[in-house]
Amino acid sequence: MSEQSRPEPSGHPGPPPDDTGPPALPAYAERVLDVAELIPPGRVMTYGDVAEWLEEGGPRQVGRVMALYGGAVPWWRVVRADGVLLPGHELRALRHYRDEGTPLREAGRATAGHVPRLDLRRARWDGGPHTPEDHP
């Protein structure tokens, strides 16, 4: 996806009036977002999976990119390794998961808000036959 087609992160001011376009997305962020767009509906990758697939960075770096720029891609498909839905966005994510048929594990009675978790064993996508070189 080109830099021009991704919206600016929310909460950030637009470019100065004399600027001719949106600010450039950091190269690493662009690669993380490209991977997020490859994840098929109904499947997920953890932050660590994305970093491993890229052979660059780690889960925290991927999480930071998703927090800053992830609204432009299917953000609900890049998830925590424990299967817990993104705090503060649980209901929005849950709607996406149910619409896409993403495997979920029902919440136990002790779970706060009785929100299900992702069934990572069934929902996790390994990136298929792709390699990072296939998608610069």
Side-chain angles (χ1 to χ4, degrees):
M1 180 178 251
S2 73
E3 295 172 10
Q4 297 293 330
S5 62
R6 286 207 172 101
E8 290 183 53
S10 62
H12 292 271
D18 60 335
D19 196 356
T20 58
L25 200 59
Y28 181 70
E30 186 75 29
R31 289 190 294 277
V32 168
L33 298 178
D34 286 345
V35 173
E37 290 180 322
L38 292 174
I39 303 168
R43 304 300 296 272
V44 299
M45 289 180 91
T46 67
Y47 299 120
D49 291 341
V50 172
E52 185 177 321
W53 196 85
L54 289 171
E55 298 179 351
E56 183 179 6
R60 289 179 188 251
Q61 289 83 7
V62 171
R64 179 79 174 145
V65 168
M66 293 304 293
L68 292 174
Y69 307 105
V73 299
W75 53 268
W76 58 92
R77 297 182 192 151
V78 181
V79 302
R80 294 170 40 153
D82 62 4
V84 172
L85 306 191
L86 185 63
H89 301 279
E90 298 94 342
L91 296 180
R92 282 182 40 213
L94 194 54
R95 278 194 298 274
H96 288 292
Y97 297 138
R98 287 186 171 145
D99 288 346
E100 295 182 357
T102 307
L104 299 169
R105 290 178 28 211
E106 288 306 314
R109 291 191 309 225
T111 304
H114 303 288
V115 176
R117 286 183 181 212
L118 291 160
D119 184 343
L120 288 178
R121 187 179 55 76
R122 293 176 35 228
R124 203 172 207 165
W125 186 59
D126 65 4
H130 305 289
T131 63
E133 294 78 32
D134 291 338
H135 302 281

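Nearest heavy-atom pair across Pro116 and Arg98 is CG-NH2, 4.0 Å. Closest of all the heavy-atom pairs between Trp75 and Gly70 is CB-O, 3.5 Å. Here the shortest heavy-atom pairing between Thr102 and Ala123 reads CG2-CB, 3.9 Å. Residues Ala36 and Val78 come closest through the heavy atom pair CB-CG2, 3.8 Å. Taking all atoms of both residues into account, the shortest heavy-atom contact from Pro59 to Ala51 is N-CB, 4.2 Å.
Rounding to the nearest 0.5 angstrom, the gap separating the CG atom in Asp99 from the CG atom in Leu94 is 9.5 Å. For the atom pair CG (Leu91) and CG (Leu86), the distance works out to 11.5 Å, reported to the nearest 0.5 Å. Atom CD of Glu30 is separated from atom CG of Leu25 by 5.0 Å, given to the nearest 0.5 angstrom. The CZ atom of Arg124 sits 12.5 Å away from the CZ atom of Arg121 when rounded to the nearest 0.5 Å. In this structure, CG in Leu54 is found 11.5 Å from CD in Gln61, a value given to the nearest 0.5 Å.
A heavy-atom distance below 4.5 Å is found between the side chains of Tyr97 and Leu85. Taking 4.5 Å as the limit, every side-chain heavy atom of Glu52 sits out of range of all side-chain heavy atoms of Thr46. With contacts defined as side-chain heavy-atom distances shorter than 4.5 Å, the pair Val32/Val73 does not qualify. With a 4.5 Å cut-off on side-chain heavy atoms, Asp49 and Trp125 do not count as touching. When side chains are defined from C-beta on, Leu118 counts as touching Leu104, because their heavy atoms get closer than 4.5 Å. Looking at Arg92 and Trp76, their side chains never come closer than 4.5 Å, going by heavy atoms from C-beta outward.
Formation of a donor-acceptor pair under 3.5 Å by the Tyr28 side chain with backbone atoms of Val65 is not found in this model.
Here Arg43 pairs with nothing under the salt bridge (Lys or Arg N to Asp or Glu O under 4.0 Å) rule; sequence neighbours left out. Under the rule for a side chain to side chain contact (heavy atoms under 4.5 Å, CB included), the partners of Arg122 that lie at least two apart in sequence or sit in another chain are Pro103, Asp119. Scanning for side chain to side chain contact (heavy atoms under 4.5 Å, CB included) contacts around Arg80 gives Tyr47, Asp82, Val84, Pro87, with sequence neighbours left out. Listed by chain and number, the residues in a salt bridge (Lys or Arg N to Asp or Glu O under 4.0 Å) with Glu90 amount to none (sequence neighbours excluded). Residues satisfying the side chain to side chain donor-acceptor pair (under 3.5 Å) criterion with His96, sequence neighbours excluded, are absent altogether. Residues that satisfy the side chain to side chain contact (heavy atoms under 4.5 Å, CB included) test with Arg60, not counting sequence neighbours, are absent from this structure.
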